[in-house]
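Presented below is the structure to which this report refers.
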Amino acid sequence: MLTYHAAFYEHPEEATVLAKVLDFPGVVTEGRDLSEGRQELRGALRDMAETILLAGETLPSPNPGVDDSEADLVDPIVLSLVVEPAGVS
């Protein structure tokens with residue numbers, strides 16, 4: 001289990017919330033509200049981590065000092081993956 005840092009940026013004029021993981025490059029998504037933004041971001045983080053691991057690469061390390069002063073909210077986001085033995089589907 002790894003704990004990264006999620007940033008959320010509210011855009012009320014567009015009725016969206018932009019969400020990204022600050023210490024996991026490429027994990028960015030959006031939702032209609034904060035709740036949906038969180039849900040979408042958890043899925044995007046999981047999908048990106050699985051893709052990286054299947055390619056034989058290592059995941060980026062969480063950075064406890066990361067922050068974004070422009071974000072409306074920065075919260076921890078936990079990555080938890082289930083590893084299945086080879087040949088099991």
Side-chain angles (χ1 to χ4, degrees):
M1 184 167 69
L2 297 169
T3 302
Y4 292 95
H5 301 84
F8 300 92
Y9 310 84
E10 296 183 49
H11 296 281
E13 65 282 350
E14 299 171 19
T16 61
V17 173
L18 176 71
K20 69 179 182 179
V21 180
L22 296 173
D23 40 359
F24 200 120
V27 182
V28 179
T29 190
E30 67 180 8
R32 290 179 295 228
D33 55 30
L34 183 58
S35 178
E36 186 175 279
R38 286 178 196 261
Q39 181 178 350
E40 294 292 326
L41 195 60
R42 282 191 298 271
L45 176 59
R46 183 182 56 250
D47 291 348
M48 182 70 86
E50 289 174 354
T51 299
I52 288 172
L53 292 172
L54 287 171
E57 299 173 20
T58 59
L59 299 177
S61 297
N63 178 354
V66 73
D67 195 16
D68 185 347
S69 62
E70 294 185 17
D72 294 301
L73 176 67
V74 176
D75 266 347
I77 183 168
V78 175
L79 173 61
S80 182
L81 297 172
V82 176
V83 179
E84 295 182 5
V88 175
S89 55

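This chain uses plain numbering: 1 for the first residue, then up along the sequence.
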Are V27 and L59 connected, step by step, through hydrophobic side chains (Ile, Leu, Val, Met, Phe, Trp, Tyr) whose heavy atoms are closer than 4.5 Å?
yes
Give me the atom names and distance for the closest heavy-atom approach of L81 to A49.
CD1-CB, 4.1 Å
D75 and R38: side-chain contact (heavy atoms from CB on, under 4.5 Å), yes or no, with the steps?
CA-CA 10 Å; D75 266 347; R38 286 178 196 261; 3.0 Å; yes
Calculate, to the nearest 0.5 Å, the distance between atoms OG1 and CG belonging to T29 and D47 respectively.
10.0 Å
Is the count of non-hydrogen atoms from other residues, nucleotides or ligands lying under 6.0 Å from E14 atom CD greater than 12?
yes
Got a second to check how far E10's CD is from L34's CG, nearest 0.5 Å?
6.5 Å
To the nearest 0.5 angstrom, please state how far the CD atom of E36 sits from the CG atom of D33.
6.0 Å
Using a cut-off of 6.0 Å, state whether more than 12 heavy atoms not belonging to E40 lie near its atom CD.
yes
Does a side-chain heavy-atom distance below 4.5 Å link Q39 with L41?
no
Return the CG to CG distance between D67 and L22, rounded to the nearest 0.5 Å.
7.5 Å
L45, L53: one ILVMFWY side-chain cluster at the under-4.5 Å cut-off?
yes
Check whether any side-chain heavy atom of P76 sits under 4.5 Å from a side-chain heavy atom of T3, and report yes or no.
yes
What is the distance from atom OH of Y4 to atom CD1 of I77, rounded to the nearest 0.5 Å?
10.5 Å
In terms of heavy-atom contacts, P64 and P62 come closest through CD-O, 3.5 Å
Determine whether L73 and L18 fall in the same hydrophobic cluster, where Ile, Leu, Val, Met, Phe, Trp and Tyr are linked whenever their side-chain heavy atoms lie under 4.5 Å apart.
no
Okay, side chain of N63, backbone of D23: is any donor-acceptor separation there less than 3.5 Å?
no
What are the two closest non-hydrogen atoms of R46 and L79, and how far apart are they?
CA-CD1, 4.0 Å
Look up atom CG in D68 and atom OH in Y9, then write down how far apart they are to the nearest 0.5 Å.
3.5 Å
Nearest heavy-atom neighbours spanning P25 and P60:
CD-CG, 4.1 Å
Determine whether V74 and V28 fall in the same hydrophobic cluster, where Ile, Leu, Val, Met, Phe, Trp and Tyr are linked whenever their side-chain heavy atoms lie under 4.5 Å apart.
yes
